[in-house]
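Here the structure comes first, spelled out in structure tokens, and everything after it is commentary.
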Amino acid sequence: MSINMFDMKKSNAQTVLRALCSCKTSTTKELAQATGLSFATVGNILNSFVESGEAIPGELVSDTGGRPSQAYTFNAEYAHVLALSAQVRNGENIILACIGNLYGEVVWQTEQCFDRIQLASFNVMIDSCLQAYPTIRILSFSLPGVERDGVILANDYKELEGASFTDHFQSRYQMPIIVENDVNIAVFGYGRNINPDSVIVGIYFPKYYNPGAGIMIDGKILKGASGYAGEVACLPLGIDWLSIDYENPQEAGSAIIKVISAFSGIVNPSHVVLYGDFFTDALKETIRQTISTQSMRDIFPSIAYKSNLDSDIISGLIVRAVSAYQAGLRTK
């Protein structure tokens with residue numbers, strides 16, 4: 001089998017870039033040891049990174065009294081990623097936009113209200129962000145609905161349904177596009193700080209719409225055969241979620257415990273995170289006391305409560321986008 005030298009060089013460059021990003025600052029010798037590549041190969045790659053601006057030459061570092069070595073610092077501001085989250089907050093349609101550097105740190109953010117969420121709404125936000133940071137290389141989106149093969153199949157924002165979402169933004173901005181369900185990517189972001197072998201379920205209760213859930217198993221989001229995994233409204237629980245009084249601990253707690261129990265019996269999560277702005281101490285206690293049977297208590301997961309999805313969504317989107325950049329999807 002022939003070896004494609006271009007692919008090999010690209011793979012080696014990505015390997016060195018990831019190692020330098022992880023170390024933040026390193027020498028050629030240290031990177032060669034970390035990657036298993038030759039000193040000469042790593043040196044040539046670092047020279048190309050300095051020319052492109054992806055690495056910055058630093059101070060000379062003395063290595064056990066020997067000849068000083070050139071240190072290189074990963075340039076986290078060489079390129080940026082943009083995370084956009086469409087959501088309803090206090091009854092208003094909001095698009096939150098956050099720009100992250102290549103360390104995954106948020107360096108700038110803005111948000112705007114819209115009467116309706118349309119493709120053009122995202123154009124407004126992206127154009128504004130590109131003016132501030134023309135170094136954006138990847139766009140990542142969070143939507144409350146189902147996307148498959150770049151097409152929006154179902155969405156809380158009805159004007160997005162049927163839209164060729166990915167094609168629209170790839171054509172307009174000529175860069176890679178990532179589209180994720182909002183709860184899925186929130187669970188992915190939340191799970192970054194938990195054992196990667198865990199089974200995690202996140203359930204979001206937006207009050208104005210049906211709840212949605214995200215399932216992460218061994219670090220991977222479970223989307224299902226057609227992207228509908230986690231659609232709580234599809235569970236035969238006999239609950240009209242749009243008429244629930246979330247301020248009533250007994251009514252809301254009884255409904256929520258049924259959802260947790262359903263997921264506990266199906267995927268047996270170790271952690272469940274509940275997203276909503278109505279989880280009072282009284283409601284949390286009702287949920288704790290409503291676990292119906294000993295067998296359910298034996299498998300019941302640990303519960304965490306968060307008032308909104310924002311931080312976990314942005315964390316998840318930026319991590320996904322930076323990973324895509326490091327995997328070679330970046331454009332120059």
Looking at [Y] and [X], is there a salt bridge between them, counting it only when a charged N and a carboxylate O are closer than 4.0 Å?
| X | Y | value |
| --- | --- | --- |
| Arg172 | Asp127 | yes |
| Glu180 | Lys223 | yes |
| Arg89 | Glu92 | no |

For the atom pair [atom1] ([X]) and [atom2] ([Y]), what is the distance rounded to the nearest 0.5 Å?
| X | Y | atom1 | atom2 | result |
| --- | --- | --- | --- | --- |
| Phe114 | Asn93 | CZ | CG | 9.5 Å |
| Ile185 | Met216 | CD1 | CE | 10.0 Å |
| Asn181 | Phe188 | CG | CZ | 14.0 Å |
| Ile266 | Leu235 | CD1 | CG | 6.0 Å |
| Leu17 | Cys21 | CG | SG | 7.0 Å |
| Gln109 | Ser85 | CD | OG | 11.0 Å |

Test of understanding: clusters of I, L, V, M, F, W, Y form through side-chain heavy atoms closer than 4.5 Å, transitively. Do [X] and [Y] belong to the same one?
| X | Y | answer |
| --- | --- | --- |
| Tyr209 | Leu143 | yes |
| Met175 | Val107 | yes |
| Ile313 | Ile94 | no |
| Leu20 | Ile56 | no |

Answer whether the closest heavy-atom distance between the side chains of [X] and [Y] falls below 4.5 Å.
| X | Y | answer |
| --- | --- | --- |
| Ile256 | Ile203 | no |
| Ile95 | Val124 | no |
| Asn47 | Tyr72 | yes |
| Cys23 | Glu30 | no |
| Ile126 | Phe141 | yes |
| Arg320 | Val81 | no |
| Lys306 | Tyr190 | yes |
| Leu31 | Ile45 | no |

Short question: side chain of [X], backbone of [Y] - any donor-acceptor pair under 3.5 Å?
| X | Y | value |
| --- | --- | --- |
| Thr15 | Ser11 | yes |
| Thr286 | Ala282 | yes |
| Glu54 | Phe74 | no |
| Gln174 | Gln170 | yes |
| Glu251 | Asp245 | yes |
| Ser261 | Ile257 | yes |
| Ser302 | His271 | no |
| Ser323 | Val319 | yes |

Specify whether [X] and [Y] have parallel, tilted or perpendicular ring planes, treating 30° as the upper limit for parallel and 60° as the lower limit for perpendicular.
| X | Y | result |
| --- | --- | --- |
| Phe278 | Tyr246 | tilted |
| Phe169 | Phe122 | perpendicular |
| Phe205 | Trp241 | tilted |

Tyr173: which of Leu130, Leu82, Ile138 passes side chain to side chain contact (heavy atoms under 4.5 Å, CB included): Leu130
Members besides Tyr228 in its Ile/Leu/Val/Met/Phe/Trp/Tyr cluster (side-chain heavy atoms under 4.5 Å): Val146, Val151, Leu153
Transitive ILVMFWY cluster of Phe39, excluding itself - 4.5 Å side-chain cut-off: none
Verdict with supporting geometry, Phe263 and Val272, side chain to side chain contact (heavy atoms under 4.5 Å, CB included): CA-CA 9 Å; Phe263 282 106; Val272 167; 5.9 Å; no
Kindly check if the number of other-residue, nucleotide or ligand heavy atoms within 6.0 Å of [atom1] ([X]) is above 12?
| X | atom1 | value |
| --- | --- | --- |
| Asp298 | CG | yes |
| Asp149 | CG | no |
| Glu59 | CD | no |
| Asn90 | CG | no |

Please give me the minimum heavy-atom distance between [X] and [Y], naming the atom from each residue.
| X | Y | value |
| --- | --- | --- |
| Val42 | Ala32 | CG2-CA, 3.8 Å |
| Leu119 | Leu160 | N-CD2, 3.8 Å |
| Ile136 | Cys129 | CD1-O, 3.8 Å |
| Leu222 | Ala229 | O-CB, 3.5 Å |
| Gly43 | Thr28 | N-CG2, 3.7 Å |
| Ala255 | Ile244 | CB-CD1, 4.0 Å |

Could you tell me whether Tyr78 and Phe49 have their ring centroids closer than 6.0 angstrom? no
Which is it for Lys284 and Tyr305 under the side chain to side chain contact (heavy atoms under 4.5 Å, CB included) test, yes or no, and what are the steps along the way? CA-CA 9 Å; Lys284 294 176 184 178; Tyr305 297 91; 3.5 Å; yes
Would you check if there is a donor-acceptor pair between the side chains of Asp310 and Gln87 at a distance under 3.5 Å? yes
Among Asn308, Asp312, Asp182, whose side-chain hydrogen bond (donor to acceptor under 3.5 Å, both in side chains) with Tyr275 holds? Asp312
Taking only residues at least two apart or on different chains, which pairs with a member in residues 150-166 satisfy side-chain hydrogen bond (donor to acceptor under 3.5 Å, both in side chains)? Arg116-Glu159, Gln118-Glu159, Lys158-Glu161
